[in-house]
Amino acid sequence: MKKAVHTNYFEIEANSFFDLGLKEGQLFKQNLVDSIKKEKQDKLWKSKLEKSKEYLSFTIKAFPDLIEEIKGYAKGAGVLFEEVWALSLEDELFGNDRCTTAITNSGKLIAHNEDWDASSKDTICVLK
């Protein structure tokens with residue numbers, strides 16, 4: 001039996017969390033731009049942007065490296081940080097309780113699924 005190769009496997013080397021995000025933003029720019037464009041069509045988008053600000057100060061305190069990565073991601077994709085931040089809060093702001101994220105091995109292994117969406121098998125990525 002031949003082993004299948006995942007077509008969306010990527011490895012990124014970075015010197016900082018911001019640099020990691022910058023490279024992710026460059027790599028996934030079109031997907032991010034398309035996602036933001038789609039969400040901007042929602043009549044609640046502006047209120048979601050505003051609501052996302054409520055989560056930011058807590059996240060900066062608890063996960064400053066994550067915020068640096070998202071800032072780099074936005075810069076790498078040429079989009080606004082606030083828009084990427086709002087998108088990253090999909091479950092909290094959009095009421096889409098569909099995904100599961102698991103973190104183990106002292107934070108060295110992070111897994112996230114999108115098994116609610118049949119098309120995700122062609123779009124989900126494995127990132128090392």
Side-chain angles (χ1 to χ4, degrees):
M1 177 181 276
K2 187 175 182 179
K3 184 178 178 181
V5 177
H6 197 288
T7 58
N8 292 326
Y9 174 82
F10 304 94
E11 292 187 18
I12 297 176
E13 290 188 30
N15 296 320
S16 67
F17 288 97
F18 183 87
D19 188 42
L20 174 62
L22 187 70
K23 291 176 181 179
E24 291 168 335
Q26 293 165 345
L27 183 62
F28 301 114
K29 177 180 180 170
Q30 194 57 56
N31 183 280
L32 184 57
V33 168
D34 291 346
S35 294
I36 290 171
K37 183 178 178 180
K38 178 183 174 193
E39 291 304 326
K40 282 183 170 181
Q41 295 173 10
D42 183 344
K43 63 183 176 185
L44 297 176
W45 174 245
K46 287 185 181 185
S47 66
K48 291 174 184 178
L49 278 173
E50 199 58 38
K51 180 87 172 150
S52 73
K53 293 176 185 178
E54 296 174 21
Y55 293 84
L56 188 55
S57 63
F58 299 107
T59 308
I60 289 170
K61 289 178 187 175
F63 304 104
D65 296 335
L66 172 65
I67 296 303
E68 284 303 305
E69 184 177 347
I70 294 172
K71 286 179 179 179
Y73 197 170
K75 183 171 184 171
V79 298
L80 297 174
F81 164 79
E82 293 80 8
E83 294 176 337
V84 180
W85 174 241
L87 282 179
S88 74
L89 296 174
E90 179 180 42
D91 288 353
E92 290 80 7
L93 299 177
F94 299 99
N96 298 332
D97 191 19
R98 305 179 290 204
C99 307
T100 302
T101 301
I103 303 172
T104 187
N105 294 359
S106 300
K108 295 178 182 171
L109 178 62
I110 301 172
H112 179 87
N113 77 26
E114 296 282 342
D115 58 0
W116 59 271
D117 181 6
S119 70
S120 66
K121 70 180 177 61
D122 298 321
T123 59
I124 200 159
C125 296
V126 176
L127 179 63
K128 177 179 176 185

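Residue numbers run from 1 in the order of the sequence given. These figures come from a predicted structure and were not determined experimentally.
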Drop me the distance from Phe17's CZ to Leu66's CG, to the nearest 0.5 angstrom. 9.5 Å

My understanding is that only residues two or more places apart in sequence, or in another chain, count here; which of them pass ring-ring contact (aromatic ring centres under 6.0 Å, His included) with Phe18? none

Assess whether atom CZ of Phe63 is packed by more than 12 heavy atoms of other residues, nucleotides or ligands within 6.0 Å. no

Mind running side-chain contact (heavy atoms from CB on, under 4.5 Å) on Leu80 and Ile36 for me, showing each step along the way? CA-CA 10 Å; Leu80 297 174; Ile36 290 171; over 6 Å; no

Would you mind listing every salt bridge (charged side-chain N to carboxylate O under 4.0 Å, His left out) that reaches into residues 8-22, with sequence neighbours excluded? Asp19-Lys23

Quick one: pull up CD in Glu24 and CG in Leu20 and give me the separation to the nearest 0.5 Å. 4.0 Å

When the side chains of residues 50-61 are checked against the rest of the protein, which donor-acceptor pairs come out under 3.5 Å, sequence neighbours left out?
| residue | atom | partner | partner atom | Å |
| --- | --- | --- | --- | --- |
| Glu50 | OE1 | Lys53 | NZ | 3.3 |
| Lys51 | NZ | Glu54 | OE1 | 3.1 |
| Ser52 | OG | Leu49 | O | 2.7 |
| Thr59 | OG1 | Tyr55 | O | 2.7 |

By side chain to side chain contact (heavy atoms under 4.5 Å, CB included), which residues pair with Ser47, not counting sequence neighbours? Leu44

Heavy-atom closest pair, residues Ala86 and Lys48: CB-O, 4.5 Å

Please tell me whether Leu32 and Phe10 are part of a single hydrophobic cluster in this structure, the criterion being side-chain heavy atoms less than 4.5 Å apart. yes

Using the side-chain hydrogen bond (donor to acceptor under 3.5 Å, both in side chains) criterion, which residues pair with Gln30? Sequence neighbours excluded. Asp34

Side chain to side chain donor-acceptor pair (under 3.5 Å) pairs touching residues 73-85, sequence neighbours excluded, are Lys40-Glu83

Of all heavy-atom pairs linking Phe81 and Lys71, the shortest is CD1-CG, 3.6 Å

